[in-house]
Every structure is written in C-alpha cells, then in structure tokens.
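Residue numbers count from 1 along this sequence. Quick caveat: nothing in here was measured; it's all calculated off a predicted structure.
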Amino acid sequence: MNILRKSIIALCALMAFGTTAAQASGTDDESTKKIKLEKAYRFRVTLADKKQNPYSIKQPEKFLSAKALARRAKYKIAVDNYDLPITPKYIDALKNAGAKIHNMSKWNNTVVVETPDSLLCDKIKQLPFVSNVRHVWTAPDSVDAPNFANRQKEVTNRPDTLEQLYGKGFEQISQLNALRLHEAGFTGKGVTIAVLDGGFHNADCITAWRKEQILGTRNFVRPERSVYDELSHGMMVLSCIASRVPHSLIGTAPDASFYLIVCEDGESEQLVEEDNWCAAIEYADSIGADIATSSLGYTGFDHEWMDFPYHALDGQTELCSRSASLAASRGILVLNSAGNSGMGQWKKIGVPADAKDILAVGAVDETGENTFFSSIGNSADGRIKPDVMARGGYAAVLDTNGENAEANGTSFSCPILCGVTACLLQASPKSTPVQIIRALQSSGHNAAHPDNIFGYGIPDAWKAYESMKH
C-alpha cells in the first residue's frame, strides 16, 4: 500500500484564502529558477554510550541554561544521563572520519552526518562507539532558487476594523471559553513558547506582535538562512497565538514570548526531518521554553522505504515521538497537530502526535463538528488520540502581508489551543504540564466518552482553570 506522502503543506492542508501559494511561500512562482545540487547523503549515527564525557550531571549548569534548570527545579525533575551532551571525542572522531555534522540529539545519543560519499557509512560503522548507522536523506537533484529580495515590500500591515474587539479571532477563542482567562488577566505573560515549524516568512516585518516578544530564532534545516526568509506556515501558526491587533485579530496568548525554530525542510520530505525535530525540541528545552507547539507530523516520505507503518504509532518506536515524550518528562508542555489525513489513505494521526504525555490536537469547524480532514486515532497501543480539539476549519490567521486571512488545518487548531495552555500556565504556575493536560481533557465536551474522532473533545478553558486552582 502506498502511504500518502506529506510535506508541511500537504500534512497541514494549508489553504489560505485571499492569497496564492506563491504569496504564501514568498518564493514560488512559474518563473522560479532551479538550482542543481551536488550529490550528498545524510546518515543517522547512533552511538553506543556517553563514556569519556567531560560533562557531569552533578554540574548541569555547564550544559543547561539557568531557565532550563529552573523549570526542572520547579517540577522537582532530576537532571539525568539523557541531559548529558554527546561525548565530544565521538563527535571529533566522526569529523576526522570525513563526515560533516548536520545536527545531533543528546536524548537519543545520535548524530546526523553529511557526506558526498555514500560508502563513508561503512567506515563509520567500524568505529568502536557506533552501534548503528541509518540512511536518512539524499540530496534532491535540484531545488527552487531562493528569492529573498525585497520581501519587506510584500507587507502592508492593513488591519480590519471590525466591531468586535477580538476581530477575526473572537470565534476561535470563544469556542474554547478562553475569553474569561483574558478577562481575568491571563494572556500568557511570562510564559515562553517554542514554535517548531518550517519557516516564518516576514514575521519580523509584521506589526501584529511586539518585536521584543521574539526572544530568539534558530534554523536546524539550513543554519545559514534566516527563519524569516522563506515558507509562511510558521508565521501563520504564530499569528494564531501572538497577534494583538484590536478589532482585527487577537490571538490566544498575545502577551507570551516566543522562540521561532525551523526544523521542517520544504525542499523534500525525508527521514532526516525527524532528526531536525529532535534537535529543535532539545534546543527548546535547553533555552528554558515552558511550552512547545509543533504543527508538523510524519508518516510518509519521498522514498517509500522510509515510510512509517501503523504499528509504529505507539509513542516510543519513532525517534521524534520518543523525544516529544522526553521533552514532556523534562517539564515542557508539548502540543502537536494531529494531522490532516482524515479523508486520505492514511487517515491516522502522525508522528510525533502519538507521543505520551503531550496534547495531540485535532480540528473542528465553527459549529464544533470535526473537520473532514482531521486525522483520527487511536494510537497503536490503544491510547486516546487525538487528545482534544480546537478551531481548524477556516481558522483566522495572518497572511505574509500582515493582513487577515483564513486557513484550514490542524496546523492552526494546535497553536490556537497552545495559546490557551500558556494562559493556564500563567494562571496556575505551580501546575505541571501533565496536570494542565488532564484538566483540559476532563473539561472537554466529549470527556464522558472519549473516542478516536474527537478524543476528549473541545476543552472549556475556564472549567479547566477552575479545576486547577491551588
């Protein structure tokens, strides 16, 4: 059976109204030139141990930020061997063998290396500290030439002037009964959210949020490029949470702070994106993010031999699902889109939506009915998935010109709910991520009989808050 292949756009069913695909990406048009790429390969090298490591869990301040340590202390989470960096001598040995380091995951003890010589993997396999080598990426024959010129000229920042204070965002926040949180003064202030996505085109030029809210950026796909240069998906995701334009669009956590992290490769769909995602979530942990939201998911790839089977959706088989669960165990509240395969051949949730102790978010429309595209559960080991639902049908977002638009996808239900979790964390700072998850689940309209379509249903944010009061 051919499993549907999913790029970031296909997975999340991005359909922005009032904009073309070319406008959404800022790079795609009929005249786009192609660049031929040199042959190259990437391999995931799994290391056998962390021996000869100069770092020690007794001195975590040498490899974790003060904020990351404060989060662990807050939730009484011990620093353990997962947190230890990869042994530097092993990294040096891989470089000396002729490999270029693409990224790495200390939680999985893996290093992704790049080389033009596919036979180098045989040499790497012989290194005494290597337990496995897996092919995860082959360079495409050609890619679209980037076009970063004058992107600021696309931005008009023309807001709507609607009667309702929340503008286009009113329905999607009201559906979750989260206006009451804002009215009580809980708007995400003091909460740090890491947004893992594929690009934040023009987010630095759009005036819907304050520049000081963006604490930092990181690109794990092409580190030499700005996260603002290409792909609009992450910017639209951000707009669901961060927008603060009265009478036009107010998001669900307009006073939160953000790290914008690129881990999705728009040029191809290959297994290395799992590794990119793992590196991104570890970075979110290291800089002390409280919440991570990811509108990404993986099941099928450009090469069918990379595809995941249904039985892998158990929260522990696939690399980034394990990392999502590990992030949760470090005190990060993780949300991930359920996926948009409901009407497709795959139908099920993707990876890492199957992870344990995270929120997999499906999509409903304005009436509260599940959208036709929202992926279904359960997980392969029988857990309820999706966990909860939020507005993903004709969701209010911003386009790359800074103007209001509408889009479909669990890509947007996930950040809409993410903003609500930030408000809840502000309101109840002593609550653990798992306690917030359970409160949202139990407040869902389907909580009495959770299923594989709605999960626990549409949460009632105020009811969840009331249940969490300390």
Side-chain angles (χ1 to χ4, degrees), residues 8 63-72 74 103-107 187-206 208-244 251-264 273 276-296 320 323-324 326-328 330-337 352 358-359 411 414-419 421-423 425-426 433:
I8 185 173
F63 51 87
L64 287 173
S65 70
K67 194 172 180 184
L69 290 172
R71 177 173 15 86
R72 284 164 170 76
K74 173 184 175 181
N103 61 37
M104 59 188 76
S105 166
K106 63 183 179 182
W107 291 349
T187 54
K189 188 174 182 179
V191 178
T192 301
I193 300 172
V195 184
L196 280 60
D197 216 285
F200 301 86
H201 187 68
N202 284 349
D204 56 336
C205 306
I206 291 172
W209 40 80
R210 300 185 306 275
K211 289 185 177 181
E212 59 266 26
Q213 288 180 267
I214 310 302
L215 301 181
T217 66
R218 185 74 178 266
N219 192 333
F220 283 97
V221 179
R222 281 172 285 278
E224 72 280 2
R225 291 189 190 176
S226 167
V227 303
Y228 301 122
D229 279 340
E230 55 187 339
L231 296 178
S232 62
H233 188 270
M235 184 280 300
M236 291 180 173
V237 164
L238 176 67
S239 72
C240 297
I241 315 171
S243 293
R244 193 187 188 102
T252 46
D255 288 323
S257 298
F258 301 89
Y259 281 91
L260 309 183
I261 308 173
V262 170
C263 57
E264 170 73 15
E273 289 179 297
N276 297 342
W277 197 96
C278 293
I281 196 70
E282 288 180 25
Y283 176 69
D285 169 57
S286 71
I287 49 86
D290 303 300
I291 299 172
T293 184
S294 162
S295 291
L296 302 169
C320 62
S323 286
L326 278 165
R330 315 290 108 169
I332 300 176
L333 204 167
V334 181
L335 300 92
N336 204 92
S337 295
I358 76 163
L359 282 170
S411 281
C414 183
I416 287 169
L417 186 65
C418 169
T421 67
C423 298
L425 186 57
Q426 179 194 0

Between OG1 on residue Thr293 and CD1 on residue Ile241, distance to nearest 0.5 Å: 5.5 Å
Donor-acceptor check, side chain of Glu273 to backbone of Val221, threshold 3.5 angstrom: yes or no? no
Looking only at non-hydrogen atoms, find the nearest pair between Glu282 and Lys106 and report the distance. OE1-N, 2.9 Å
Looking only at heavy atoms, the pair that brings Ala324 and Val334 closest together is O-CG2, 4.0 Å
Give a yes or no answer on whether the side chain of Gln426 reaches the backbone of Thr187 with a donor-acceptor pair at less than 3.5 Å. yes
What I'd like to find out is whether the side chain of Asp285 reaches to under 4.5 Å of the side chain of Leu64, using heavy atoms alone. yes
Would you say that Ser295 contacts Asp197 through its side chain, given a criterion of any heavy-atom pair below 4.5 Å between the two side chains? yes
If we only count heavy atoms from C-beta on, is the Ser286 to Ser65 side-chain gap below 4.5 Å? no
Can a donor-acceptor pair be found, under 3.5 Å and without considering hydrogens, that links the side chain of Trp209 to the backbone of Ile214? no
Once you round to the nearest 0.5 Å, how far does CD1 of Ile281 lie from OG of Ser294? 7.5 Å
For the backbone of Leu333 and the side chain of Asp290, can you confirm whether one donor and one acceptor N or O come within less than 3.5 Å of each other? no
Find out whether Pro352 and Ser323 are in side-chain contact, i.e. whether some heavy atom of one side chain is under 4.5 Å from a heavy atom of the other. no
Taking all heavy atoms of Cys423 and all of Gly188, pick out the closest pair and write down the distance. SG-N, 3.9 Å
Answer whether the closest heavy-atom distance between the side chains of Ile291 and Cys418 falls below 4.5 Å. yes
Which distance, rounded to the nearest 0.5 Å, do you find between the CG of Leu417 and the SG of Cys414? 7.5 Å
What are the two closest heavy atoms between Leu238 and Ala203, and how far apart are they? CD2-CB, 4.4 Å
Non-hydrogen side-chain atoms of Ile287 and Arg218 separated by less than 4.5 Å: no
Test item: Ser257 side-chain N/O and Thr192 main-chain N/O as donor-acceptor pair under 3.5 Å: no
Below 4.5 Å, heavy atoms only, C-beta onward: do Asp255 and Arg244 meet side chain to side chain? yes
Straight-line distance of Ser239 OG to Ile416 CD1, nearest 0.5 Å: 8.5 Å
What is the distance from atom OH of Tyr228 to atom CD1 of Ile206, rounded to the nearest 0.5 Å? 10.5 Å
If you look at every heavy atom in Asn276 and Phe220, which pair is closest and at what distance? OD1-O, 3.8 Å
Might you confirm whether atom NZ of Lys189 has over 12 heavy atoms from other residues, nucleotides or ligands at distances under 6.0 Å? no
Side-chain donor or acceptor of Asn219 paired with backbone N/O of Arg222 under 3.5 Å: yes
Heavy-atom closest pair, residues Ile261 and Ala280: CG2-CB, 3.6 Å
For the residue pair Arg71 and Ile332, establish whether any side-chain heavy-atom pair is separated by less than 4.5 Å. yes
Just verifying a value: how many Å separate Asp229 CG and Phe200 CZ, rounded to the nearest 0.5 Å? 13.0 Å
